[in-house]
Amino acid sequence: MRILQLHCSSMEYTPTKKEIESAEEITPETKNLKEVVVTFIAVEEGDDKTVAKKAIAEIKESMNKIGCKKLLLYPYAHLSSKLASPNSALSVLKEMELLASDLDVSRAPFGWTKTYKLEVKGHPLAETSKVITKDGSSDDTSEAVKSESKIKSYWYIMTPDGNMQEIEKFNFSKHPQLEVLTKYETVKKRSVDEPPPHVRLMKKLAIADYEPASDSGNMRFYPNGRLIKSLIERYVTDNITSYGGLEVETPIMYDSHHPSLESYFNRFPARQYNINSEGKQLILRFAACFGQFLMAHDFQLSYRNLPLKLYEMTRYSFRREQSGELVGLRRLRAFTMPDCHAFCKDMSQAIEEFRKRFDLSRNVLHGLGLNESDYELAIRFTEEFYNENKQLIEETVKKIGKPVLIEMWKEQFFYFVLKWEFNYIDSQGKASALSTDQIDVENGKRYNIEFFDEQNKPQYPIILHNSPSGAIERVIFALLEKAAKDSKEGKKAHLPLWLSPTQVRLIPIKPEFLQFCKNLADKITDSKIRVDVDDRNESIGKRIREAETEWIRYILVIGEKEVNSKDVNVRDRETGELKQISFDDFISEIHEQIKNKPFSHLNSNRFVSIRPQIMV
RNA sequence: GCUUCGAUAGCUCAGCCUGGUAGAGCGUUACCUUGGUAAGGUAAAGGUCGCGGGUCCAAUUCCCGCUCGAAGCUCCA
């Protein structure tokens, strides 16, 4: 069955004469419908009740999306060349009418020649075509997805000396992670049978969890998770603003009728959340691009102002990934992502900026606790770009100091001519992109962002799209997976100290030392260190054990000796050793490790005994 | 979206194959214990066994349907 579905403001049709003998017996009269979804239908050979049922389900789903309750089923033979017989076609149509009886449904007469007038609405979802078959699912893939699978890629490995060879000829024995990435990208085949470790950890550490009352892929963050997330957000923002990014804030939803947006959305698979509000079709953003481009469009720009760097920490960006694609903190439908665009006057300025942002991204990941050994670089570009900028690519690979996966396209298909990303390879052999940058040569024009060059001629800028860390949730995912990897190798799992929800825990041996603990905790807090007190009526052993399982780096047991001493007795989880050092040395040891990182106060009650229990 | 698996106490799960009034550990509460570097003790509270149907004298258990969730696959601009 083939369907053409149109969301119309009005539709009027008049049966004029019988086209075939078996046409329905009716009295011809003009029908006029307002605010209606008109569905042109060609019933094909082999279509039956199952197909009718599927078709109606599809139609209902999309009508629900666009918020329209009125449906007109309109027999339309011209959509197909292998039509069903008139009799079976009519019975399928009648079946569909019946199945849709909970809507305001009507059906145009079968077998008649009709005149019609219709006015189609102008939003992206107003016009869709579908092919529905008995076994296969309906074919509703957007043009962008279809052509994407058609692009031809050539894969290579480039070594730091600039040598580029085909992946089949490369010896991966010293680069197992790169091999995983290469297979992941080129063969797209992998099988895993256990759930990813970070999902268990995100719950156990009371960082984040699924929220059953929301849509899948929209997470809840507990106090620990919110603290970690907020620290990472601030760290990334600080780094981007020192690079020169101007922090802005833009709306999370956009009118799909807007002309610039409409053509941009058409360049992408239709995987966004849609909201109907007061007759507007709103789309939740999937990146900060629109907001920043629309903003830049309204700026009065000269080449002297470029490169102009706009930046936003998008909380949230939304992508309506297929339900089965969602995994813990790795792949979400709502996520926080830094997005920094640089508007450049020409390619040479873009390349200069590209270099800075590549270094920025590496530094940001390094500060977050992820180093070159934790990720693999992939660079993708058009053949033309490569021929003109070989040196840039070779230099970039050299910086990373290890072989890099290269994807080359014969033609430019996307809006960019070059894109790179750092991929975290987890223990299950899955690659997840963290940092990324793109050189965009299309959207300056699409959004009509103009600047005036040295000759006072209007020009469109080249735009770089950089996310120096990737999604913040994904950074947490990578940190947890890395911790799980450590733990598997017999090392102690931990988070970077500056991200630990509790950095120091005090354990009083008896309640009579509680006051001393309070005073000590005040002093430590004054030094901008997160400290809490386990004042529960539990054995020392148990409280130490629990602090260990919470990955708390420093444990101070407070008893008679400590109260009467100027030194502190510190259990360092990293070494597993006990050491007696002065208070000041202890504080500076911590400060040394967390310097140049943002600080937030403890995001829990200081006293463990009065905290709600979030995770067992 | 497809495939598979799952849904029993606040959490993690057992019981189901072989139908007969519901189990553990953790957590919670109370009491005891005041302990010196990875789990101190005793007791109590806590369940419409996801929803709907069917089979049966009897269903948490067997069968069918639904809902929700997860993992994998496809996918990831």
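Chain A is the first sequence line, chain B the second, and so forth, proteins listed ahead of strands; every chain is numbered from 1. Reckoned from all heavy atoms, side chains included, excluding hydrogens, waters and symmetry mates.
- In this structure, L556(A) and R319(A) both approach RNA chain B, and ranking their closest nucleotides by distance from the 5' end singles out L556(A).
- Annotation: F290(A) is in aromatic contact with Y254(A) [ring centroid separation under 6.0 Å].
- At a cut-off of 3.5 angstrom, counting only N and O atoms as typed in the model, there is no donor on one side facing an acceptor on the other between the side-chain of E321(A) and the base of G1(B).
- Nearest nucleotide to the E546(A) side chain, out of A70(B), G27(B), C76(B): G27(B).
- In RNA chain B, runs of at least 3 consecutive Watson-Crick or G-U pairs, each pair with both distances below 3.5 Å, span B:1-7 with B:67-73, B:10-13 with B:23-26, B:28-32 with B:40-44, B:50-54 with B:62-66.
- In this structure, G541(A) reaches the sugar-phosphate backbone alone: every heavy-atom distance under 4.0 Å involves primed, P, OP1 or OP2 atoms, never a base.
- For the C1' atoms, the distance from G53(B) to C11(B) is 32 Å, rounded to whole Å.
- G52(B) and U67(B): their C1' atoms are spaced 10 Å apart (whole Å).
- The side chain of Y415(A) lies closest to A77(B), out of G36(B), A70(B), A77(B).
- With G36(B), A38(B), U74(B) as the choices, the nucleotide that has an atom nearest any side-chain atom of T549(A) turns out to be A38(B).
- Look at the P atom in both G19(B) and C26(B): the space between them is 33 Å, to the nearest Å.
- In this structure, Y210(A) reaches the A71(B) phosphate: one of its side-chain N or O atoms is under 4.0 Å from OP1 or OP2.
- Regarding R331(A), its CZ atom lies at a distance of 8 Å from the P atom of A77(B), rounded to whole Å.
- The distance between atom CD1 of I558(A) and atom P of G36(B), rounded to the nearest whole Å, is 15 Å.
- At a cut-off of 3.5 angstrom, counting only N and O atoms as typed in the model, there is a donor on one side and an acceptor on the other between the side-chain of R571(A) and the base of A38(B).
- Rounded to whole Å, the P atom of U60(B) lies 16 Å from the corresponding atom of U55(B).
- C17(B) and U28(B) are spaced 35 Å apart, taking the C1' atom of each and rounding to whole Å.
- No option in V533(A), I507(A), L520(A), N569(A) other than L520(A) meets the side chain to side chain contact (heavy atoms under 4.5 Å, CB included) test with L556(A).
- In this entry the distance linking CZ of R611(A) with P of U28(B) reads 13 Å, nearest Å.
- Remark: K430(A) is not positioned above the aromatic ring of Y184(A), lacking an NZ or CZ atom under 6.0 angstrom from the ring centre and at most 45 degrees off the axis.
- Screening F381(A), Y154(A), F414(A), F385(A) for a side chain to side chain contact (heavy atoms under 4.5 Å, CB included) involving W409(A) leaves a single residue, F414(A).
- Surrounding NZ of K53(A) are at most 12 heavy atoms belonging to other residues, nucleotides or ligands under 6.0 Å away.
- Among the heavy atoms of the strands, none lies under 4.0 Å from E550(A).
- Across all strands shown, E560(A) has heavy atoms under 4.0 Å from base atoms, whether or not it also approaches the sugar-phosphate.
- Taking 4.0 angstrom as the limit, K430(A) places a side-chain polar atom (N or O) nearer than this to OP1 or OP2 of C73(B).
- For the pair K204(A) and G27(B), the criterion of a side-chain N or O lying under 4.0 Å from OP1 or OP2 is not met.
- Aromatic rings from H258(A) and Y447(A) are positioned such that their centres are separated by 6.0 Å or more.
- Summarising the local packing, NZ of K579(A) is surrounded by more than 12 heavy atoms from other residues, nucleotides or ligands at distances under 6.0 Å.
- Using a 4.0 Å heavy-atom distance criterion, I555(A) is classed as making no nucleic acid contact.
- Contact annotation: S539(A) reaches the phosphate of G40(B) (side-chain N/O to OP1 or OP2, under 4.0 Å).
- In summary, the side chains of S256(A) and Q281(A) do not present any donor paired with an acceptor at a separation below 3.5 Å, with no hydrogens or angles considered.
- A43(B) and G27(B) have their P atoms separated by 16 Å, given to the nearest Å.
- Side-chain atoms of N537(A) come within donor-acceptor range of the base of U33(B), with a qualifying N/O pair under 3.5 Å.
- Note: NZ (K203(A)) to C1' (A70(B)) measures 9 Å, nearest angstrom.
- Residue-level contact check: K510(A) touches the bases, meaning some heavy atom is under 4.0 Å from a base atom.
- Between the C1' atom of C75(B) and the CD atom of E325(A) lies a distance of 4 Å, rounded to the nearest Å.
- Side-chain atoms of R530(A) and T502(A) include no donor-acceptor pair closer than 3.5 Å.
- Both E548(A) and Q438(A) sit near RNA chain B, but only E548(A) has its closest nucleotide nearer the 5' end.
- Listed pair R474(A) / C76(B) fails the phosphate criterion, with no side-chain N or O lying under 4.0 Å from OP1 or OP2.
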